[in-house]
Protein chains: 2
Amino acid sequence: MKQYEHPPAEAFLLTTILHALSDPYRLSIVQKLAVLQPQPCAPLQGNRPKSSVSHHFNVLRKAGLVRTVVEGVLHMNSLRNAELESRFPGLLDTILAAAAHSAECQGAE
Amino acid sequence: MKQYEHPPAEAFLLTTILHALSDPYRLSIVQKLAVLQPQPCAPLQGNRPKSSVSHHFNVLRKAGLVRTVVEGVLHMNSLRNAELESRFPGLLDTILAAAAHSAECQGAE
DNA sequence: CGAATAGTTCGACAATAATCGAACCATTAT
DNA sequence: ATAATGGTTCGATTATTGTCGAACTATTCG
């Protein structure tokens, strides 16, 4: 059962995080994870081919936003809330609050 | 004395703002403007050719982060603090605080 | 075992974005 | 008028990203 690599919190880069969240689809994934956690990739897929979904989860993982744990067949994703909070206090919450004000992720199924 | 176009606050898009700030050089410009405002482009140039600097200021303007006002020969830049705050409360401050924790813009001169 | 499910990896292609020189424009100073 | 300063625009080049099909891997179920 091979697992993923995740950067340690000390290695998080603000610009990488901002870049990861600057894509509407990735932002929508993070929004949905914020509501229900953990979740496998499938319900967050929304029409895209699996290879694209996989790519975007990779970007989120490398930025440190998402942790993925393999449990049987499912790859369960969660936000790295606590680590993000300790490294960049308030950042994720503020961005999620801003995203909630903003209609831009509606179509990002 | 031709001026610039700036999007109204209602048109700000979160993903566009995050993208604009995901570049280390642009983030460093915003950090410096946060300290001293307004400023012309020249002192924020840092080795880059003028055409690149102009490009990055454009990205910042289109995202709604920066307002540029022509005053004589100088193009004076300020952050659109109040408008950003009203549209996405806390966003800019939180990102600037995070940037201060992060050593990534040192080399972005 | 064989088939189904969930996701990854690879490689190609398309779209976006960054970089930079050269020519240009506007304002001020000489 | 001419020149200097501060910045833009254009166009070409390169680099980074996103998209997607096809083949593959791992786990579970019948």
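The chains referred to below are lettered A, B, ... by the order of the sequence lines, with proteins before strands, and numbering in each begins at 1. Everything quoted here is computed from the prediction, not taken from an experiment.
The distance from atom CG of A/Asn77 to atom C1' of C/dA6 is 12 Å, rounded to the nearest whole Å. Distance, A/Leu74 CG to D/dT25 C1': 15 Å, rounded to whole Å. What separates CD1 of A/Ile29 from P of C/dG7 is a distance of 11 Å, to the nearest Å. Regarding B/Leu60, its CG atom lies at a distance of 14 Å from the P atom of D/dG7, rounded to whole Å. Between the C1' atom of C/dG7 and the CD atom of A/Gln39 lies a distance of 16 Å, rounded to the nearest Å. For the pair A/Asp23 CG and C/dA15 P, the computed distance is 16 Å after rounding to whole Å. Note: CG (B/Leu21) to P (C/dA18) measures 12 Å, nearest angstrom. Here the P atom of nucleotide C/dT8 and the CG atom of A/Asn58 are 7 Å apart, to the nearest Å.
One finds a salt bridge joining B/Glu83 and B/Arg67 here, because a Lys/Arg side-chain nitrogen approaches an Asp/Glu carboxylate oxygen to under 4.0 Å.
Distances were taken from every side-chain heavy atom of B/Val59 (C-beta onward) to each of D/dT9, C/dA18, C/dA6; the shortest belongs to C/dA18. In the set C/dT8, D/dG6, C/dA6, C/dT8 carries the atom at the smallest distance from any side-chain atom of A/Arg61. Residue B/Ser51 places its side chain closer to C/dG21 than to any other of C/dG21, D/dG7, D/dG18. Closest to the side chain of B/Pro49, from the set C/dC20, C/dG7, D/dC20, is C/dC20.
When each of A/Ser52 and A/Val73 is assigned the nucleotide of DNA chain D bearing its nearest heavy atom, the one mapping closer to the 5' terminus is A/Ser52.
An OP1 or OP2 oxygen of D/dT8 is reached within less than 4.0 angstrom by a side-chain nitrogen or oxygen of B/Ser54. Contact annotation: B/Arg48 does not reach the phosphate of C/dA18 (side-chain N/O to OP1 or OP2, under 4.0 Å). Residue A/His56 places at least one side-chain N or O closer than 4.0 Å to OP1 or OP2 of D/dT19. Dashed line: the shortest gap from a side-chain N or O of B/Arg26 to OP1 or OP2 of C/dA17 is not under 4.0 Å. OP1 or OP2 of D/dG18 sits under 4.0 Å from a side-chain N or O of A/His55. Here B/Tyr25 does not reach the OP1 or OP2 of C/dA18: none of its side-chain N or O atoms lies under 4.0 Å away.
No donor-acceptor pair closer than 3.5 Å links the side chain of B/His101 to the backbone N or O of A/Phe88. Looking at A/Ser54, its side chain never comes within 3.5 Å of a backbone N or O of A/Ser51 through a donor-acceptor pair.
Atom CD of A/Gln39 is separated from atom CG of A/Asn77 by 8.5 Å, given to the nearest 0.5 angstrom.
Annotation: B/Tyr4 is in aromatic contact with B/His75 [ring centroid separation under 6.0 Å].
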